[in-house]
Amino acid sequence: MQLQVMNSPFNQEQAELLNRLLPTLTESQKVWLSGYLAATQSGSAGVPAATEAPVVEAVAQANVKPVSKDITILYGSQTGNAQSLAEKSGKTLEERGYKVTVSSMSDFKPNNLKKLENLLIVVSTHGEGDPPDNALSFHEFLHGKRAPKLDDLRFSVLSLGDSSYEFFCQTGKEFDQRLEDLGGTRLYPRIDCDLDFDEPAAEWIEGVYAGLSEAASTEAESAQTVAATPAAVESAYSRTNPFKAEVLENLNLNGRGSNKETRHVELSLEGSGLIYEPGDSLGVYPENDPELVGLILETTKWDENQKVTVNKEEVSLKEALSKKLEITVLTKPLIEKAAQLSSNGDLKALVAPEKINELKAYIDGRDLLDLLRDFGPWDVSAQDFVAILRKMPSRLYSISSSLSANPEEVHLTIGAVRYETHGRKRNGVASILTAERLQPGDTLPVYVQNNQNFKLPENPDTPIIMVGPGTGVAPFRSFMQEREETGAEGKSWMFFGDQHFVTDFLYQTEWQKWIKDGVLTKMDVAFSRDTEEKVYVQHRMLAHSKELFEWLEEGAVVYICGDEKHMAHDVHNTLIDIIEKEGGLSREKAESYLADMQQTKRYQRDVY
């Protein structure tokens with residue numbers, strides 16, 4: 001029922017304005033407005049009794065120092081999630097009357113930190129608890145001796161992570177603690193997001209807004225921020241509303257006899273309105289292996305047709321386990337919740353604080369079926385059990401096509417993941433769906449994940465050096481297609497590696513054509529199993545260290561895509577070796593040289 005202002009002390013024009021405004025307000029805005037009016041009219045007669053209950057907290061804050069309308073949002077992002085959330089939060093606050101600056105941490109001048117009054121941090125955690133590449137320098141500054149006292153700073157942190165990793169949201173926790181240690185005051189408590197971050201992120205920005213509003217309730221001009229303008233219209237298809245893309249092609253790129261299976265998948269984006277740039281990723285929502293789902297149902301004796309509620313949606317248990325929930329990864333929070341549901345003494349003992357090392361060892365390489373079998377039987381309802389499971393996370397794949405060269409299409413390069421642990425064969429969820437069950441004509445729920453941290457140079461004459469062994473080749477195929485379409489004149493150099501030349505040279509004929517046509521200037525390859533001594537891409541780089549350093553001195557941008565733990569780490573150290581040797585620099589100066597390249601976006605990584 002719509003509220004109407006009638007029989008009031010307002011004139012007709014005021015009443016019409018109120019009647020237009022009131023239906024557009026959210027609950028938090030109504031509460032804030034009540035508090036604002038109560039605070040500014042404190043001691044006056046005529047405050048409606050109905051406003052008294054919800055405004056106590058706002059009134060208590062009435063004498064707080066007025067808050068600046070300027071807000072800085074800094075993000076540290078590897079895949080683009082933190083950046084998109086930072087930008088979305090910025091738009092939300094701008095619509096509510098704030099002046100917002102959104103910036104990558106690498107673009108922010110640390111010396112300006114002491115000038116800020118309102119700082120929001122949105123940051124992911126990478127690798128083994130490390131900051132993302134574009135957060136490294138700011139993180140180092142903030143935790144160093146040069147960090148200023150921040151007694152006048154109000155702040156809040158939104159951290160992104162994956163609870164299946166030991167150092168869940170570590171970087172966000174470190175920023176949050178350090179800002180407090182330096183004297184800052186929290187506008188709103190830190191929120192740590194797991195893979196499913198949309199709802200907690202929305203809660204966070206509303207909490208930040210409420211914190212800003214309460215602290216600023218004595219500012220007369222803040223009344224102008226109450227009526228939020230309609231939110232900017234987002235693309236029809238997004239992470240929370242994926243597009244069902246039709247599969248046009250699904251080919252194995254490896255030759256007969258290869259130890260690997262790498263799928264080249266072409267998807268139609270026709271009618272989606274989705275666009276992407278080279279360097280972006282495609283988010284894919286896969287389905288779990290039907291065989292694994294069947295074994296879980298067999299173990300629990302639950303009826304696959306019974307209805308359960310997942311994310312406020314009622315579906316059959318089989319559909320929930322197949323499409324809605326993660327069943328291939330165990331996490332510490334999941335084991336702890338399962339222990340609360342179970343009467344099994346061994347499981348309860350496993351989550352005791354002193355057993356943390358045993359718990360880590362158990363989690364490694366096991367899945368939900370292991371948990372159910374190892375600690376059964378389970379005297380619990382299917383609904384109670386599915387309630388402790390995480391939502392099915394999307395998988396991000398580097399796009400291996402250029403939209404200019406392939407209108408209304410997107411291509412992916414996916415390596416099939418198969419391995420054995422704890423006496424059972426295991427499969428990668430999305431990769432084996434692609435390799436074994438996905439046929440042309442099927443559809444796959446997808447969305448575009450923009451990644452501004454992995455982009456071709458704006459100047460097409462800038463030289464580029466690309467290092468992408470295995471499926472790390474994907475974004476560089478898109479780079480080459482794009483440069484061919486645009487006629488970019490800059491030099492380009494590709495380093496590719498895999499196991500065998502005959503069976504594993506991914507997109508070989510395309511690379512050879514680009515070399516022949518002059519789109520690609522140089523290509524060096526390393527096939528590790530074709531020689532007695534294993535040769536990798538970093539060895540090829542070292543063999544050309546003099547020329548490679550000359551390219552760096554000419555302003556070349558270096559790109560790395562692929563495995564972070566081994567390849568990217570080795571290539572990083574090799575670059576420092578080359579800079580040290582060819583530049584005649586100390587190790588420290590060589591490391592600084594590469595750090596400067598990273599700061600100026602001349603060294604970009606898409607690693608996983």
Side-chain angles (χ1 to χ4, degrees), residues 68-94 98-127 130-144 146-148 150 153-160 171-172 174-176 178-179 182 184 201 205 208 277-281 449-459 462 464 475 552 555-560 572 591-607:
S68 165
K69 305 293 285 187
D70 293 327
I71 299 172
T72 297
I73 305 180
L74 298 181
Y75 62 81
S77 182
Q78 197 73 34
T79 64
N81 283 329
Q83 179 176 353
S84 62
L85 283 175
E87 290 169 349
K88 187 175 181 181
S89 300
K91 285 180 184 174
T92 299
L93 291 171
E94 281 179 346
Y98 289 89
K99 183 181 177 184
V100 184
T101 301
V102 180
S103 170
S104 162
M105 291 181 184
S106 60
D107 293 336
F108 179 75
K109 293 181 179 176
N111 289 336
N112 288 335
L113 187 61
K114 56 182 175 290
K115 301 175 186 175
L116 304 183
E117 287 188 42
N118 300 308
L119 173 65
L120 305 181
I121 295 246
V122 185
V123 68
S124 61
T125 294
H126 202 55
D130 301 319
D133 287 352
N134 64 358
L136 283 168
S137 57
F138 183 67
H139 183 272
E140 184 180 345
F141 170 83
L142 201 68
H143 287 80
R146 292 170 52 227
L150 301 172
L153 183 75
R154 294 180 179 89
F155 72 92
S156 187
V157 175
L158 179 71
S159 56
L160 307 185
T171 303
E174 290 173 0
F175 273 122
D176 185 60
R178 183 58 173 160
L179 289 170
L182 292 171
I205 194 59
V208 166
E277 296 177 350
D280 288 342
S281 298
Q449 175 74 56
N450 298 119
N451 185 2
Q452 293 304 316
N453 304 312
F454 203 77
K455 282 285 174 279
L456 279 167
E458 289 184 15
N459 183 348
T462 303
I464 62 172
L552 296 185
V557 181
V558 178
Y559 300 91
I560 300 174
H572 180 87
E591 288 172 351
S592 178
Y593 185 107
L594 193 57
D596 287 343
M597 283 182 60
Q598 197 160 31
Q599 187 77 14
T600 55
K601 299 184 179 176
R602 286 185 51 221
Y603 177 41
Q604 301 183 25
R605 307 192 312 161
D606 180 8
V607 293

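- The closest side-chain donor-acceptor pair between His139 and Glu174 falls under 3.5 angstrom.
- Residues satisfying the side-chain contact (heavy atoms from CB on, under 4.5 Å) test with Asp176, not counting sequence neighbours, are Phe155, Val157, Arg186, Arg190.
- In terms of the ring-ring contact (aromatic ring centres under 6.0 Å, His included) criterion, residue partners of His572 (sequence neighbours excluded) are, by chain and number, Tyr603.
- A donor-acceptor pair under 3.5 Å links the side-chain atoms of Asn453 to the main chain of Ser77, judged by distance alone.
- Evaluation of the side-chain hydrogen bond (donor to acceptor under 3.5 Å, both in side chains) rule for Gln452 yields no partner, not counting sequence neighbours.
- Annotation: the span from Arg605 atom CZ to Tyr559 atom OH amounts to 15.0 Å, rounded to 0.5 Å.
- Going from atom CD of Glu94 over to atom NZ of Lys69 covers 12.5 Å, rounded to the nearest 0.5 Å.
- Residues meeting the side-chain contact (heavy atoms from CB on, under 4.5 Å) test with Ser106, sequence neighbours left out: Ser104, Asn134, Gln599.
- Scored by the side-chain contact (heavy atoms from CB on, under 4.5 Å) test, Ala86 finds Ile73, Tyr75, Val102, Val122 as partners (sequence neighbours excluded).
- No donor-acceptor distance shorter than 3.5 angstrom exists from the side chain of Ser124 to the backbone of Ala82, with no hydrogens or angles considered.
- With sequence neighbours excluded, the residues satisfying side-chain contact (heavy atoms from CB on, under 4.5 Å) with Asn459 are Asp461, Thr462.
- When atom types are taken as modelled, the side chain of Arg602 and the backbone of Ala556 share a donor-acceptor pair closer than 3.5 angstrom.
- Scored by the side-chain hydrogen bond (donor to acceptor under 3.5 Å, both in side chains) test, Glu277 finds no partners at all (sequence neighbours excluded).
- Phe108 pairs by the ring-ring contact (aromatic ring centres under 6.0 Å, His included) definition with Phe138, not counting sequence neighbours.
- In terms of the side-chain hydrogen bond (donor to acceptor under 3.5 Å, both in side chains) criterion, residue partners of Asp606 (sequence neighbours excluded) are, by chain and number, Ser398.
- A donor-acceptor pair shorter than 3.5 Å can be found between the side chains of Asn112 and Lys115.
- Of the inter-residue distances, the one linking Leu182 atom CG with His143 atom NE2 reads 8.5 Å to the nearest 0.5 angstrom.
- Applying the side-chain hydrogen bond (donor to acceptor under 3.5 Å, both in side chains) criterion to Thr92, with sequence neighbours excluded, gives no partner residue.
- Taken from CG in Leu158 to CG in Leu85, the straight-line distance is 6.0 Å, to the nearest 0.5 Å.
- In this structure, Arg178 contributes its side chain and Leu142 its backbone to a donor-acceptor pair below 3.5 Å.
- Classification of Asp280 and Lys455 as a salt-bridged pair holds, one side-chain N sitting under 4.0 Å from a carboxylate O.
- For the pair Asn451 and Gln78, the minimum side-chain heavy-atom distance is 4.5 Å or more.
- The shortest non-hydrogen separation linking Leu120 to Leu93 is CD1-CD1, 3.7 Å.
- Of all the heavy atoms in Val557 and Pro457, the pair that sits closest is CG2-CG, 4.0 Å.
- In this view, Asp107 and Lys601 satisfy the salt bridge (Lys or Arg N to Asp or Glu O under 4.0 Å) rule, not counting sequence neighbours.
- The list of salt bridge (Lys or Arg N to Asp or Glu O under 4.0 Å) pairs with a residue in residues 70-81, not counting sequence neighbours, is empty.
- Contact of the Ile71 side chain with the Thr101 side chain is not registered, since no non-hydrogen atoms from C-beta on lie closer than 4.5 Å.
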